[in-house]
K.L.:
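Supplied in structure tokens, the structure appears directly below.
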Amino acid sequence: MEINQLRYFKAVADSGKITLAAQELFISSPAISASIAALEQELNVELFHRTGNRLVLNRQGKIFLDYANYILDSVSDAKHDLRESLSDRKKNVIIGATSTGIFSDLFCSFSKANPQITLTTSKTPLRYINSAGLNSRFSFLFSAASETPAAYADACESIALFEDTPALMVHPDHPFAKKSRVNPDEISNQTVIFPRINSGMKELFTQTLSTCLITPPVFQHHDFQVAYALVKSNAGIALMTTHSKNTLTQDLVFVPLELPSCRLKQMLYWKKELVFSEEDQLFLRFVKDYYTLK
């Protein structure tokens, strides 16, 4: 499998037509057709529904597009970081996080306090963290202890940052907005928007609600912006965490959810053999001070 195959696949997935993808990429239509056919043969699945001259992603194609986008984004990030490394304009700290939203205020505070440093953050799905950990370009990983592979955690130094607990993000006009906390059985008739599918907190939510024999109507979303938009339009309530509340969500209400057993300890990891740059050391000190003061 080659990078160009992924580019051709993405172009066809976005445009729905091989001819349009060929025009966009300045190559011939037969070359793209052959590349897609070879890719499907290697993966041993078809990736598109073929209707006339249109190609529409099937279920397997949608799954593969997620991985293709991640790989292509990583290649783009790598090129950008390499270009930045050849420049003396700014120094850089590169961070991976399984959930960036709960740390957005931290990242903003660091960038404001240290404008001479470029802080590069990348949301990293859990499936890309294995015993080898993240790509070596990352200095740090923000992740919950329970969702970090043990082999990776054992190879790292770490500090505990805070314990995150479940909360409901609701519209100010929703009846829950006036409550100090909500019991799980109160959401049984609500339309509930869940965190994205690979979220560790989502697994805890699911287990706990299942134990309580609660099965509310659920709409699964794939990013925070979708959940925010749905709640803001009063189309449902979102299962989030207490630390999901930040400067971007001040117009919505966060109400603690009464689930005592549902907790995630958020950690900061870095490889034991990592040789810190001055910027890395500064960032680590800032993180320690930030959560100590809070």
K.L.:
Could you list all the side-chain hydrogen bond (donor to acceptor under 3.5 Å, both in side chains) pairs where at least one residue sits in residues 37-49, not counting sequence neighbours?
P.N.:
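Passing the test, one end in residues 37-49: E40-R50.
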K.L.:
With a 3.5 Å cut-off and sequence neighbours excluded, list the donor-acceptor pairs that the side chains of residues 8-16 form with protein atoms.
P.N.:
from : atom 1 : to  : atom 2 : distance (Å)
K10  : NZ     : D14 : OD2    : 3.3
K10  : NZ     : N69 : OD1    : 3.2
S15  : OG     : A11 : O      : 2.9
S15  : OG     : K17 : N      : 3.4
S15  : OG     : K17 : O      : 3.0

K.L.:
Distance alone, cut at 3.5 Å: any donor-acceptor contact between the side chains of S277 and D280?
P.N.:
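S277 vs D280: donor-acceptor pair found between side chains.
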K.L.:
Checking K265 now: which residues fulfil side-chain hydrogen bond (donor to acceptor under 3.5 Å, both in side chains) with it, not counting sequence neighbours?
P.N.:
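K265 satisfies side-chain hydrogen bond (donor to acceptor under 3.5 Å, both in side chains) with no residue once adjacent residues are dropped.
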K.L.:
What residue pairs, at least two apart or across chains, pass ring pair (Phe, Tyr, Trp, His ring centres under 6.0 Å) with a residue in residues 167-191?
P.N.:
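Matches after skipping sequence neighbours: H174-F176.
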K.L.:
Check the orientation of F110 and F283. Use parallel for under 30°, tilted for 30 to 60°, and perpendicular for over 60°.
P.N.:
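F110 vs F283 ring planes: perpendicular.
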K.L.:
Which residues pass the side-chain contact (heavy atoms from CB on, under 4.5 Å) test with S158, sequence neighbours left out?
P.N.:
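Partners of S158 by the side-chain contact (heavy atoms from CB on, under 4.5 Å) criterion, ordered by chain and then number, come out as M267, Y269.
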K.L.:
Specify whether F103 and Y291 have parallel, tilted or perpendicular ring planes, treating 30° as the upper limit for parallel and 60° as the lower limit for perpendicular.
P.N.:
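Geometry flag for Y291 against F103: perpendicular rings.
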K.L.:
Could you work out, with side-chain contact (heavy atoms from CB on, under 4.5 Å) as the rule, every residue matching R59, not counting sequence neighbours?
P.N.:
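Partners of R59 by the side-chain contact (heavy atoms from CB on, under 4.5 Å) criterion, ordered by chain and then number, come out as I63.
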K.L.:
Using the test ring pair (Phe, Tyr, Trp, His ring centres under 6.0 Å), find all partners of F107 that sit at least two apart in sequence or belong to another chain.
P.N.:
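Applying ring pair (Phe, Tyr, Trp, His ring centres under 6.0 Å) to F107 gives F142.
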K.L.:
Can you list everything that forms a side-chain contact (heavy atoms from CB on, under 4.5 Å) with A177? Sequence neighbours excluded, please.
P.N.:
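Scan of A177 (side-chain contact (heavy atoms from CB on, under 4.5 Å), adjacent residues dropped) gives V170, V253.
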K.L.:
Let me check something: any side-chain donor-acceptor pairs from residues 28-39 under 3.5 Å, sequence neighbours excluded? List them with distances.
P.N.:
from : atom 1 : to  : atom 2 : distance (Å)
S28  : OG     : A31 : N      : 3.3
S33  : OG     : S29 : O      : 3.2

K.L.:
List in chain and number order the residues that pass salt bridge (Lys or Arg N to Asp or Glu O under 4.0 Å) with E163, two or more places apart in sequence or in another chain; answer none if no residue qualifies.
P.N.:
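R263.
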K.L.:
Residues in side-chain hydrogen bond (donor to acceptor under 3.5 Å, both in side chains) with N4, at least two apart?
P.N.:
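N4 satisfies side-chain hydrogen bond (donor to acceptor under 3.5 Å, both in side chains) with R7 only.
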K.L.:
Got a sec, which residues hit side-chain contact (heavy atoms from CB on, under 4.5 Å) with E258, two or more places apart in sequence or on another chain?
P.N.:
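E258 satisfies side-chain contact (heavy atoms from CB on, under 4.5 Å) with R181, N183, P184, P260 once adjacent residues are dropped.
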